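Notes follow the structure.
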Amino acid sequence: MTRIAEKLRLSLLLTRTTTRFLSRLSTSTLRLCKSLLSKTLSGLFSSMDNDNIFSSDDDDHLFDLDFHPNSSRQNFFNYRSNNLDKVYLVPYRWWKEAQSIPADQIGGVLYDVSPDYGNADSEIVLNLRKNEGYQESDNGNARVSDRDYALVPEGMWLRALKCHNSKAAAKDVGSSLIVEDYLLDVFPLQIRLSVSRETNSLVVKISLKDNKVDLYKRACNIFVSMSELFHIWDFSGQTTHFFMNDEVNMCNDSSGQPSEEALLELHVYGFSNYEEHSKINDSFCNGSVAMNGSNENLNSYISGSSRLGSCNKFVSFLGLTGLQNLGNTCFMNSAIQCLAHTPELVDFFLGDYRKEINYENPLGLKGELVLAFGDLIRKLWAPGAMPVAPRMFKLKLTNFAPQFSGYNQHDSQEFLAFLLDGLHEDLNRVKFKPYIEANDAEGYPQEEVAEEYWRSHRARNDSIIVDLCQGQYRSMLVCPVCKKVSVTFDPLMYLSLPLPSTTMRTITVTVFSSDGSTLPSPFTITVPKYGRLKDLIEALSTLCSLRNDETLLVAEIYKNQIFRLLEEPSDSLELIRDDDKLVAYRLPKDSETSPLVVFMHQRKEMIRLYGSGRVISDWKMFGTPLVARLSDLSNGYDIRKVFLQLLDPFLMPADAGTMANEDSAVEDVISPTVSDKDAGSDSEIGDEPHMGSDFQFYYMDTEHTEIKMNDPVSISKLTKKLDILVYWPHKMIEKYETCLFSSLMEVFRPQLFTRKPQESFSLYKCLEAFLKEEPLGPEDMWYCPSCKKHRQASKMLDLWRLPEILVIHLKRFSYSRYLKNKLETYVDFPIDELDLSTYISHKNSQLSNRYVLYAISNHYGVMGGGHYTTFVDLGHKRWYEFDDDKVYPVSEDKIKTSAAYVLFYRRILDV
């Protein structure tokens with residue numbers, strides 16, 4: 001202990017000498033001296049590896065020339081002055097009325113205070129002696145008098161101020177509550193602290209030489225009137241800390257000299273009854289009151305956006321402080337304002353939150369992020385504050401989430417997710433996360449399984465963020481093949497709800513008959529975006545009135561041929577693109593074993609050769625293939641008969657009788673006779689068929705073998721599809737309306753230059769879309785433990801446990817391989833009561849399932865740009881819009897817009 005004391009004496013001597021010397025040096029010389037002195041001190045204390053006396057924070061104060069020499073010694077005893085709150089002296093009754101936690105649970109030290117006004121014209125002396133007979137457990141039941149006061153840190157003072165503000169607003173809901181009285185009633189005093197070792201008491205001196213005249217007079221009006229003994233509860237912990245420092249110094253100083261004085265700043269609030277109001281008002285109007293130890297005019301602390309009236313009459317509001325835009329940081333400002341007006345979080349960060357910081361968590365930022373956020377919250381709730389520039393907070397955040405570095409535009413919901421996760425890790429009460437092995441829950445009651453999952457999660461994650469913002473949902477996966485069911489319970493931080501327009505898609509399919517009974521007709525159906533082929537067939541069957549003895553065969557048409565047949569019911573609809581062309585053929589069910597015949601069409605077209613200008617003829621594919629089933633097929637005539645039957649709906653009305661006669665005459669024809677002169681003389685294609693006035697049929701094989709009318713058609717029993725190419729002569733093209741099967745509609749054609757009608761859905765519809773069973777996408781295949789294969793399983797989510805603060809993210813931004821889009825869908829969301837009772841699977845009678853809206857993060861503009869703002873309810877239907885550093889009142893009927901992006905709800909407590 002003697003070695004430590006000697007080294008402390010030496011360090012203090014070095015500090016004082018160095019401070020006086022360095023005050024006369026230039027900045028460059030100062031940096032050099034700091035480096036040299038740091039190495040010297042490091043060598044001096046190299047033998048004290050376990051006594052980390054000089055930290056990086058302490059080094060900064062060694063060279064702070066404005067740092068008071070009497071208080072510099074506090075840094076040498078793990079006393080980080082830059083982390084200490086400002087201290088406020090307030091009436092104990094006023095402070096206690098605002099506490100939701102009993103005072104005895106907060107913990108404090110009671111002092112009996114005896115004033116000494118021997119020289120009150122220049123100095124007030126207060127002697128604080130600890131009341132040894134006081135028990136902290138008595139504090140909550142102790143009788144409170146008007147002579148009881150409290151020392152509280154700034155956070156507690158702001159929280160009490162916020163509470164009284166809310167109570168006053170509740171009494172007068174129609175008017176906006178201003179905090180001009182708060183600014184009038186708070187003022188700083190410079191006080192000197194020392195310890196009287198004879199009486200073992202704390203001596204507080206308020207001197208005229210340390211304070212402005214008007215502030216010293218205000219102190220006299222307060223303390224001189226207290227001629228008798230009064231009491232002070234210290235909830236700040238600074239008096240105890242001061243006593244502890246003095247005890248160490250006693251070991252350092254055996255000369256019996258009196259304790260050195262430390263100059264500290266005390267903020268006094270709530271003593272207006274002791275003051276002369278006329279003098280105070282005069283000094284306030286002249287802007288002479290100094291706040292936070294500054295001599296600046298009070299007007300600089302009041303936001304210009306809240307100025308009312310004239311003659312230097314300023315007012316401001318609690319919680320209505322904006323955030324400066326640092327450059328495309330509106331996304332960050334919007335999310336922060338939503339959290340900064342979450343009552344439970346605000347109360348937490350205005351309290352002693354530092355004791356919950358986990359400095360050892362490797363997943364956190366050693367408390368840096370939460371300290372920066374807590375400091376930001378206090379600045380936003382300080383009365384009369386100007387717009388805050390969150391530079392330090394952004395710097396700390398980018399250390400945790402580097403993607404938010406720089407000044408690019410980002411998504412407020414993604415930022416919110418990273419921020420909540422970072423705050424959780426910095427505040428995680430679990431110092432060492434246990435390894436928990438997942439047990440097989442099959443066969444156990446789901447209530448027990450869910451509770452086990454939740455206990456395991458809380459065993460590794462326990463923070464104020466988990467307490468408020470996390471719930472639990474149930475996820476069920478069903479294998480489409482073996483029907484294996486997998487159930488898991490996962491934590492829920494927020495609900496990302498799809499908009500119904502993003503969960504469904506429209507598909508246009510042209511339906512053809514296979515018996516020539518009807519013309520092709522296009523049908524537009526609505527199916528799940530991530531649905532399967534069976535969903536399309538079911539919807540199309542209903543829309544086209546498919547008979548019970550019929551089935552649909554869906555095919556994709558490309559370049560006038562069947563590119564592929566869609567036959568597997570479990571195929572994903574994501575394989576169908578918007579620019580594809582789909583057809584569906586109505587086929588009889590009773591002939592499903594018969595081969596499928598596909599007729600493709602060719603006709604002669606004139607082509608101009610580039611360069612030479614010559615015109616030649618060539619055979620080109622056209623139209624849509626026609627499909628039928630072949631049951632009894634013997635020769636080429638049977639094929640022709642089937643084809644003509646399929647063409648019957650396309651026949652020109654004037655030629656209907658003529659074609660019937662020609663068809664009957666063909667029965668006597670053994671082989672069509674074609675003369676050379678009937679052939680196209682203008683053709684330069686040497687191997688083209690010799691065309692007459694009738695159709696010609698060819699197998700789609702490598703040799704394009706012609707099908708003769710009297711030749712038998714041999715089809716193997718293994719043949720499932722017979723492709724036939726039909727050559728159309730010019731005469732036949734004139735007899736049929738080929739345009740009816742030559743043009744197909746695309747699956748979906750977006751209207752680029754037409755404005756879509758405004759879509760509107762309720763929030764409940766979005767929630768139902770989120771909870772609806774849907775198949776996993778092809779990229780999210782699930783490995784079925786029963787099949788031992790990856791399957792496109794069906795997934796269904798259920799709400800199981802709801803959080804206190806429910807964050808709902810509306811998925812307005814859609815991403816695909818080729819397109820990025822923002823949906824301007826209007827979502828009608830409840831304000832006063834969001835009732836989720838019918839949507840939660842696990843009923844808990846002790847907790848309410850009803851929520852009230854209190855904040856909205858809005859996004860205006862297009863994807864990748866635009867602007868974020870915030871709507872906030874300060875309580876009692878007082879809504880305000882936060883647009884970066886500007887704050888405006890807004891009526892409740894204006895907060896529902898198509899820009900709503902993230903909704904913040906808090907639970908309504910059942911009475």
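What you are looking at is a predicted structure, and each value in this text was computed from that prediction instead of being measured. Values below: all heavy atoms of this structure, side chains included; hydrogens, waters and symmetry mates excluded.
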Checking [X] side chain against [Y] main chain: does a donor-acceptor pair fall under 3.5 Å?
| X | Y | answer |
| --- | --- | --- |
| Gln337 | Thr321 | yes |
| Arg812 | Leu499 | no |
| Arg159 | Asp347 | yes |
| Asp426 | Leu365 | yes |
| Asn325 | Asn328 | yes |
| Ser463 | Leu427 | no |

Assess whether a salt bridge exists between Arg429 and Asp467, defined as any Lys/Arg side-chain N lying under 4.0 Å from an Asp/Glu carboxylate O.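 Judged by the 4.0 Å cut-off on N to carboxylate O distance, Arg429 and Asp467 do form a salt bridge.
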Glu154/Lys379 salt bridge by N-O under 4.0 Å criterion: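 Salt bridge flag = no for Glu154 with Lys379.
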Beyond-backbone contact of [X] with [Y], side-chain heavy atoms, under 4.5 angstrom:
| X | Y | answer |
| --- | --- | --- |
| Trp800 | Glu447 | yes |
| Phe400 | Asp421 | yes |
| Leu363 | Lys433 | yes |
| Val852 | Arg906 | yes |
| Leu350 | Val346 | yes |
| Leu799 | Leu495 | yes |
| Arg801 | Tyr473 | no |
| Leu158 | Pro383 | yes |

Going by atom types only, do Asn333 and Asp884 share a side-chain donor-acceptor pair under 3.5 Å?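 Checked: Asn333/Asp884 side chains pair up, N/O donor to acceptor below 3.5 Å.
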Would you tell me whether His424 and Gln470 have side-chain atoms, one donor and one acceptor, within less than 3.5 Å of each other?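 No donor-acceptor contact under 3.5 Å links the two side chains.
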Run the numbers on Arg455 and Glu452 for side-chain contact (heavy atoms from CB on, under 4.5 Å), then give the verdict. CA-CA 5 Å; Arg455 282 196 301 266; Glu452 181 64 26; 2.6 Å; yes
For Val449 and Val487, what are the C-alpha separation, side-chain angles and deciding distance, and is it a side-chain contact (heavy atoms from CB on, under 4.5 Å)? CA-CA 9 Å; Val449 177; Val487 178; over 6 Å; no
Minimum heavy-atom separation for [X] and [Y], please, with both atom names.
| X | Y | answer |
| --- | --- | --- |
| Asn358 | Asn361 | OD1-N, 3.1 Å |
| Gly155 | Arg378 | N-NH1, 3.5 Å |
| Ser412 | Ala335 | O-CB, 4.1 Å |
| Leu797 | Phe770 | CD1-CZ, 3.4 Å |
| Leu89 | Ile232 | CD1-CD1, 4.2 Å |
| Thr870 | Cys338 | CG2-SG, 3.5 Å |

Does a sphere of radius 6.0 Å around [atom1] in [X] hold more than 12 heavy atoms from other residues, nucleotides or ligands, not counting ones at 6.0 Å or beyond?
| X | atom1 | result |
| --- | --- | --- |
| Arg460 | CZ | yes |
| Tyr764 | OH | yes |
| Glu360 | CD | no |

Among Gln446, Gln472, His842, Arg474, which one satisfies side chain to side chain donor-acceptor pair (under 3.5 Å) with Asp798? Arg474
Roughly how far, to the nearest 0.5 Å, is [atom2] of [Y] from [atom1] of [X]?
| X | Y | atom1 | atom2 | value |
| --- | --- | --- | --- | --- |
| Leu810 | Phe829 | CG | CZ | 8.0 Å |
| Leu420 | Ile464 | CG | CD1 | 12.0 Å |
| Ile840 | Leu802 | CD1 | CG | 4.0 Å |
| Asp411 | His859 | CG | NE2 | 8.0 Å |
| Asn849 | Ile908 | CG | CD1 | 11.0 Å |
| Leu468 | Met493 | CG | CE | 10.5 Å |

Could you walk me through whether His410 and Phe404 pass the ring-ring contact (aromatic ring centres under 6.0 Å, His included) check? CA-CA 7 Å; His410 293 278; Phe404 296 111; 5.0 Å; yes
Dump the intermediate steps for ring-ring contact (aromatic ring centres under 6.0 Å, His included) on Tyr901 and Phe331, then the final yes or no. CA-CA 11 Å; Tyr901 184 45; Phe331 73 94; over 10 Å; no
By the definition ring-ring contact (aromatic ring centres under 6.0 Å, His included), identify the one residue from Tyr854, Phe904, Phe882 that meets it with His341.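 With His341 as partner, Tyr854, Phe904, Phe882 yield a single ring-ring contact (aromatic ring centres under 6.0 Å, His included), made by Phe882.
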Pi-cation contact, Trp381 with Lys162 (under 6.0 Å, within 45°):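 Cation-pi check for Lys162 and Trp381: passes.
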Please determine if Lys394 forms a cation-pi arrangement with Tyr407, meaning its NZ or CZ atom is less than 6.0 Å from the six-membered ring centre and no more than 45° off the ring axis.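 Yes, a cation-pi geometry.
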Look at the aromatic rings of Tyr353 and Phe348 and report parallel, tilted or perpendicular, splitting at 30° and 60°. tilted
Set out, in order, the CA-CA distance, both residues' side-chain angles and the distance that settles side-chain contact (heavy atoms from CB on, under 4.5 Å) for Trp454 and Arg458, then state yes or no. CA-CA 6 Å; Trp454 186 248; Arg458 291 304 300 260; 3.8 Å; yes
Hey, mind stepping through Arg354 and Ile357 against side-chain contact (heavy atoms from CB on, under 4.5 Å) and telling me if it holds? CA-CA 5 Å; Arg354 292 188 181 96; Ile357 296 179; 4.3 Å; yes
